[in-house]
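See structure below.
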Amino acid sequence: MARLKFGAFLAPHHPIGEHPMLQFRRDLDFVEQLDALGYDEFWCGEHHSSGWEMIASPEMFLAAAGERTKRIKLGTGVISLPYHHPFNVAQRMVQLDHMTGGRAIFGSGPGALASDAHTLGIDPMTQRDRQDEAIAVIRRLFNGERVTAKTAWFEMHDAALQLLPLQEDMPFVVASQISPSGMTLAGKYGIGIISLGSMSTQGLMALPQQWQFAEDAAKKAGTAVSRSNWRVLLSWHIAETREQARREAGAGLMRWHNEYNVGTLMRPGLTAFASPDEAVDKTAFVDGAASTIGTPDDLVKMIKNLVDVSGGVGTIVGFAHDWANPENTRRSWDLVARYVIPEINGYIDGLRKSRQFVIDNRAVFERAGQAVMAKIMENDKAAAALQQTGPGRVAIPAVNAPDLQKAAAKQKA
């Protein structure tokens with residue numbers, strides 16, 4: 001299996017009540033932590049309502065994150081294209097790419113919150129077509145073309161970017177949830193996908209069908225899609241034990257579900273949880289659960305199952321949330337980097353094989369100890385001192401150390 005990349009997706013989903021300035025700063029600290037831990041990508045979104053999601057400009061946030069990080073890729077997750085003139089989007093992404101040293105990923109979507117579209121006077125029935133129209137124009141602009149275009153919602157006259165992206169080919173990624181529109185767009189243009197609907201059991205099981213939408217659209221358009229450019233979102237909270245993970249995440253998970261998903265978005269079919277234990281049980285411990293609240297081993301199992309169910313993906317993106325307090329949340333992402341990522345990608349397989357080789361061939365390596373003992377016995381004083389030598393008193397690497405107590409007993413005899 002090809003090595004998986006790992007990233008984080010910050011909507012953000014922050015409970016109302018904390019100082020927004022401090023939330024922004026903590027989110028930037030979080031990106032810095034991910035960069036230090038070796039994560040590959042960080043994504044943040046665009047929202048203008050709901051209270052819980054308060055990043056209005058992902059480009060501004062990512063520009064700040066770029067100054068505090070060195071290597072992690074920074075993706076707009078996502079820019080809602082119907083909300084903006086496509087030329088302005090292209091300009092901002094080019095600037096972000098240069099300001100971050102060529103680390104920008106252009107992620108787009110039609111707009112997730114109906115309240116945002118209402119605020120801007122946009123008919124939801126037009127949003128997906130507008131995203132399509134905008135992607136087509138932005139791709140041309142990135143290629144250095146001069147574009148004249150007129151649609152029902154924007155015009156361009158001899159428009160050209162005076163500065164092209166720093167990257168020769170800035171990655172394009174579209175968001176996909178349950179409907180086929182995102183996957184179809186990816187296939188049409190031969191670009192990447194970030195699947196956001198996989199945090200639900202239904203969304204996880206629908207991944208094979210979703211990929212088929214992309215392949216069918218690519219075949220029709222004469223393009224190609226690659227699973228290496230497919231990102232899938234998962235949610236988790238990890239601790240040393242399942243019991244600890246439950247304690248840390250339960251109350252915050254309950255609040256997120258009850259206040260945001262049920263109370264604010266009023267998502268159909270959802271009911272409030274009665275207790276933190278119920279929240280954890282119904283989120284992570286039911287058949288087909290798409291979230292992990294447990295140990296690194298539990299998340300390894302979840303990711304391997306996702307790869308099997310989907311047929312293969314390129315990147316696992318963790319959903320960033322406030323289920324636990326900031327300290328335990330940072331600890332969770334640290335544990336994933338230390339134990340889950342190397343286990344999934346086989347980084348420690350060679351160490352395990354090396355250790356087992358030494359164990360299995362102990363008889364061969366005992367000859368080194370025999371060589372040490374032979375030199376000791378060649379020297380009368382060293383042989384006499386051997387009778388007084390106890391365990392751990394000789395600075396010899398343990399793998400080469402002879403059994404001095406056994407040798408001393410023979411001397412006395």
Side-chain angles (χ1 to χ4, degrees), residues 1-9 39-41 43 77 107 109 173-187 191-219 224-238 242 245 249 253 257 261 267 269-270 280-321 323 332 335-336 339-347 349:
M1 183 180 71
R3 287 180 174 175
L4 288 176
K5 294 180 179 179
F6 283 78
F9 182 94
Y39 283 87
D40 300 285
E41 298 176 356
W43 298 78
V173 176
V174 292
S176 172
Q177 295 201 48
I178 300 300
S179 81
S181 60
M183 303 299 278
T184 300
L185 272 182
I191 57 181
I193 307 143
I194 181 166
S195 292
L196 306 180
S198 50
M199 289 197 302
S200 68
T201 302
Q202 296 87 345
L204 186 63
M205 299 309 296
L207 289 176
Q209 180 60 64
Q210 290 284 311
W211 184 252
Q212 191 63 52
F213 290 143
E215 289 192 324
D216 290 346
K219 184 177 181 181
V225 286
S226 171
R227 288 181 179 272
S228 65
N229 294 325
W230 188 13
R231 298 159 175 87
V232 175
L233 193 67
L234 286 178
S235 57
W236 62 64
H237 179 72
I238 303 303
R242 286 185 182 178
L253 169 60
H257 177 85
N261 293 315
R267 287 180 171 161
L270 295 184
V280 172
D281 288 338
K282 290 188 175 180
T283 300
F285 291 98
V286 294
D287 291 339
S291 299
T292 302
I293 298 175
T295 66
D297 288 342
D298 292 327
L299 184 54
V300 167
K301 183 179 178 181
M302 166 64 78
I303 292 171
K304 288 182 176 180
N305 178 63
L306 182 148
V307 171
D308 290 341
V309 168
S310 66
V313 302
T315 305
I316 299 296
V317 181
F319 175 60
H321 49 69
W323 294 354
S332 172
L335 288 171
V336 173
Y339 298 110
V340 176
I341 294 175
E343 188 66 36
I344 290 292
N345 285 329
Y347 296 154
D349 289 353

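Numbering of residues begins at 1 and proceeds along the displayed sequence.
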Note, [X] side chain near [Y] side chain (heavy atom, < 4.5 Å):
{"X": "Arg231", "Y": "Glu41", "value": "yes"}
{"X": "Thr315", "Y": "Asp40", "value": "no"}
{"X": "Ile193", "Y": "Asn229", "value": "no"}
{"X": "Val300", "Y": "Ile344", "value": "yes"}
{"X": "Val340", "Y": "Ile303", "value": "yes"}
{"X": "Leu233", "Y": "Trp43", "value": "no"}
{"X": "Ser332", "Y": "Trp323", "value": "no"}

Does Leu4 offer a backbone N or O that forms a donor-acceptor pair with the side chain of Asn345 under 3.5 Å? yes
Practice task
Take atom CZ of Phe285 as the centre, draw a 6.0 Å sphere, and report whether it contains more than 12 heavy atoms from other residues, nucleotides or ligands.
Solution key: yes
For [X], give me all partners under side-chain hydrogen bond (donor to acceptor under 3.5 Å, both in side chains), at least two apart in sequence or on another chain.
{"X": "Asn305", "result": "none"}
{"X": "Thr295", "result": "Asp298"}
{"X": "Trp230", "result": "Ser195"}
{"X": "Arg227", "result": "none"}

- Taking it one step at a time, do Thr292 and Leu234 satisfy side chain to side chain contact (heavy atoms under 4.5 Å, CB included)? CA-CA 8 Å; Thr292 302; Leu234 286 178; over 6 Å; no
What are the two closest non-hydrogen atoms of [X] and [Y], and how far apart are they?
{"X": "Ile293", "Y": "Leu253", "result": "CD1-CD2, 3.7 Å"}
{"X": "Thr283", "Y": "Ala289", "result": "O-CB, 3.6 Å"}
{"X": "Val317", "Y": "Trp236", "result": "C-CH2, 4.5 Å"}
{"X": "Asn261", "Y": "Leu270", "result": "CB-CD1, 3.8 Å"}
{"X": "Ala290", "Y": "Met302", "result": "C-CE, 3.7 Å"}
{"X": "Val225", "Y": "Ala186", "result": "CG1-O, 3.6 Å"}

Residues at least two apart in sequence or cross-chain that pass salt bridge (charged side-chain N to carboxylate O under 4.0 Å, His left out) with Lys304, listed by chain then number, are none
Separation between NE2 (His321) and CZ (Phe9), nearest 0.5 Å, reads 13.0 Å
In this structure, CE of Met205 is separated from CG of Leu306 (nearest 0.5 Å) by 10.5 Å
Please table the atom pairs, donor to acceptor, closer than 3.5 Å between any side-chain atom in residues 206-213 and protein atoms at least two apart or in another chain.
from	atom 1	to	atom 2	distance (Å)
Gln210	OE1	Ser176	OG	3.1
Gln210	NE2	Ile178	O	2.8
Trp211	NE1	Glu215	OE2	2.9
Gln212	NE2	Asp216	OD1	2.8

